[in-house]
Protein chains: 2
Amino acid sequence: MATTRKAAPYHHGDLREALVKAGRSLLEEKGWRGFTLRECARRASVSHAAPAYHFASLDDLLAEIARRGSEEMTATMEAEARRAKDEPAARLVGQCVGYMAFAAANPRLFELIFARDAERGQVPALATAVAAVIPHAKPDVKARMTDFAWATVHGFIVLMLEGRIGAGESSRGLKTRSLALLAAMVETILREGGVPD
Amino acid sequence: MATTRKAAPYHHGDLREALVKAGRSLLEEKGWRGFTLRECARRASVSHAAPAYHFASLDDLLAEIARRGSEEMTATMEAEARRAKDEPAARLVGQCVGYMAFAAANPRLFELIFARDAERGQVPALATAVAAVIPHAKPDVKARMTDFAWATVHGFIVLMLEGRIGAGESSRGLKTRSLALLAAMVETILREGGVPD
DNA sequence: CCTAAATCTAGCCGCCGACAGAATAGGCAG
DNA sequence: CTGCCTATTCTGTCGGCGGCTAGATTTAGG
């Protein structure tokens with residue numbers, strides 16, 4: 001056939017695709033422990049052993065879901081950065097906003113990405129964005145500031161998703177706080193690695 | 001029986017205690033999906049149904065482990081703070097160091113604490129420590145700075161544990177980086193809510 | 001020593017992930 | 001059109017799990 005893989009559907013249509021989709025929604029609905037290969041099969045209207053042909057194991061399916069989620073997250077960040085003003089700091093903030101927005105919209109998937117998608121030179125775009133804010137800084141300072149930015153944003157959204165921060169607050173208030181956090185973060189980056197004032 | 005609960009051991013000795021201990025080490029060893037009520041029972045040399053008497057469910061045992069872990073973590077933070085210089089900023093840094101040290105020493109337990117121990121007015125000591133650094137700031141600024149500090153420290157240690165930050169770095173280097181991060185954090189707190197310079 | 005409560009064991013249920021082998025369905029050679 | 005080939009899915013099975021119940025065993029306290 002034309003493509004390398006599964007060109008024409010046989011019994012199901014495209015089971016691999018259906019399983020990934022079912023798995024993703026199942027994960028978001030029932031969480032972690034409710035995620036079951038058999039339930040994915042059920043949602044795809046297929047026997048309990050059918051997934052085995054497409055995914056060697058449960059972890060294999062999770063890995064694929066994480067892989068796609070990771071791509072989607074990167075895309076969200078870049079889209080948000082493009083919407084921002086054409087200015088280094090604004091673009092960095094945009095990426096961070098995209099990061100948090102994706103996590104808030106897909107909390108379990110976000111968790112999964114960080115639990116499963118280990119050891120990947122993640123978020124290279126973030127490093128670029130930070131570097132653009134402090135172009136004159138030394139490489140190691142840029143690296144440290146990237147870590148700082150990432151840690152701040154990641155920690156904040158995680159704590160918020162876990163309900164440790166701003167538990168009883170309005171959505172409006174949380175947005176304001178997030179932006180204040182990002183502003184403080186940018187200022188710190190500028191001060192630490194910034195223009196030789 | 002003097003105390004309210006399980007004063008003298010019966011068959012086992014103190015099964016409840018043994019299960020918590022076995023569960024904690026099992027969690028650290030096999031992680032999360034290897035954590036099994038039956039394996040805990042096995043490690044305590046007891047039948048598979050014995051735990052049911054002490055813990056209503058697997059979640060119940062996890063909750064207890066998380067509860068104790070949380071206390072231990074708080075103690076670690078306070079101990080580290082006491083070891084620091086008698087100065088607000090140093091004590092805040094000390095608490096953060098304790099936070100990271102505990103997480104690094106008990107990564108799975110640390111995860112568990114944050115996953116299970118939801119909705120608790122966590123880390124009140126951190127809020128106190130931050131407030132002491134910026135005594136003249138308004139309450140809402142203190143709150144924001146506490147969130148900022150917590151997010152920074154939490155994000156950093158999580159990313160480090162996941163291997164996203166400083167993957168190939170020496171332990172020495174990581175320590176230096178951590179301290180640099182904390183220093184930047186304290187400076188930001190001072191600048192944002194600090195002394196009216 | 002006897003009773004009642006506390007503690008543990010044995011056994012069952014339904015669910016799970018993984019594996020083995022049978023069955024189906026489309027493509028294709030003849 | 002026939003018959004085979006291979007990709008895909010199904011049925012059936014195994015051991016392990018969490019949770020439950022029934023019953024045995026041990027201990028405390030009179």
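Every value quoted in this text rests on a predicted model; they were computed, and no experiment measured them. Here is how names work: the chains are called A, B, and so on, in the same order as the sequence lines, proteins then strands, and each is numbered from 1.
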Engineer: With a 4.0 Å cut-off, would you call Arg68(A) and Glu71(A) a salt bridge?
Structural biologist: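 Not counted as a salt bridge, because no side-chain N and carboxylate O are separated by less than 4.0 Å.
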
Engineer: What are the residues of residues 38-51 of chain B, sorted by number, that bring a heavy atom to within less than 4.0 Å of DNA chain D?
Structural biologist: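 Only Arg38(B), Arg42(B), His48(B), Ala49(B) qualify.
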
Engineer: Does a salt bridge link Arg191(A) with Glu192(B), judged by any charged N lying under 4.0 Å from a carboxylate O?
Structural biologist: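 The answer is no: the pair does not qualify as a salt bridge.
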
Engineer: If you measure from CD1 on Ile189(B) to OG1 on Thr146(B), what distance do you get to the nearest 0.5 Å?
Structural biologist: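 That separation rounds to 7.5 Å.
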
Engineer: Which distance, rounded to the nearest 0.5 Å, do you find between the OG of Ser70(A) and the CG of Leu112(A)?
Structural biologist: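 Reported to 0.5 Å precision, the distance equals 10.0 Å.
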
Engineer: Give the cluster check for Val20(B) versus Trp32(B): same hydrophobic cluster or not, with ILVMFWY residues linked at side-chain heavy-atom distances below 4.5 Å.
Structural biologist: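 Unlinked, Val20(B) and Trp32(B) end up in two clusters.
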
Engineer: Quantified as the angle between the terminal helix axes (five pairs each), what is the overall bend of the helix from dC1(C)-dG30(D) to dG30(C)-dC1(D) to 10 degrees?
Structural biologist: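 That helix has its two terminal axes inclined by roughly 10°.
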
Engineer: Whole Å only: how far is the CG atom of Leu15(A) from the P atom of dA25(C)?
Structural biologist: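 Between P of dA25(C) and CG of Leu15(A): 16 Å.
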
Engineer: In whole Å, I'd like the distance from the CZ atom of Arg16(B) to the P atom of dC8(C).
Structural biologist: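 Nearest whole value for this atom pair: 12 Å.
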
Engineer: So does Tyr53(B) get a side-chain nitrogen or oxygen closer than 4.0 Å to the phosphate oxygens (OP1/OP2) of dC8(C)?
Structural biologist: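 Negative; the distance criterion is not met.
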
Engineer: Taking atom P of dC15(C) as reference, at what distance in whole Å does atom CG of Leu58(B) sit?
Structural biologist: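 Interatomic distance, CG of Leu58(B) to P of dC15(C): 19 Å.
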
Engineer: Residues in side-chain hydrogen bond (donor to acceptor under 3.5 Å, both in side chains) with Arg42(B), at least two apart?
Structural biologist: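 Applying side-chain hydrogen bond (donor to acceptor under 3.5 Å, both in side chains) to Arg42(B) gives Glu39(B).
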
Engineer: From Leu179(B) CG over to Cys96(B) SG, what is the distance, rounded to the nearest 0.5 angstrom?
Structural biologist: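 Output value for this atom pair is 10.5 Å.
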
Engineer: So Phe114(B) and His154(B), would you call those rings parallel, tilted or perpendicular, with 30° and 60° as cut-offs?
Structural biologist: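 Tilted, since the angle between the ring planes falls between 30° and 60°.
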
Engineer: Is any side-chain nitrogen or oxygen of His54(B) closer than 4.0 Å to OP1 or OP2 of dC8(C)?
Structural biologist: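 Answer is yes, contact under 4.0 Å.
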
Engineer: When you measure from every atom of DNA chain C, which of residues 25-37 of chain A have a heavy atom less than 4.0 Å away?
Structural biologist: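 Heavy-atom contacts with DNA chain C come from Thr36(A), Leu37(A).
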
Engineer: Figure out the CZ/P separation between Phe55(A) and dC19(C), and round it to whole Å.
Structural biologist: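 Rounded to whole Å, this separation is 16 Å.
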
Engineer: Output the rounded distance in Å from CG (Leu62(B)) to C1' (dG18(D)).
Structural biologist: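 Checked: the CG to C1' distance equals 12 Å.
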
Engineer: Sequence neighbours left out, what passes side-chain hydrogen bond (donor to acceptor under 3.5 Å, both in side chains) with Arg24(B)? Give chain and number order.
Structural biologist: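 With neighbours one apart ignored, the set is Glu72(B), Asn106(B).
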
Engineer: Sequence neighbours excluded, which residues qualify as side-chain contact (heavy atoms from CB on, under 4.5 Å) partners of Ala132(B)?
Structural biologist: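 Residues passing side-chain contact (heavy atoms from CB on, under 4.5 Å) with Ala132(B): Pro88(B).
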
Engineer: Could you label the plane-to-plane angle of the Tyr99(B) and Phe110(B) rings as parallel, tilted or perpendicular, counting under 30° as parallel and over 60° as perpendicular?
Structural biologist: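 Aromatic pair Tyr99(B)/Phe110(B) classed perpendicular.
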
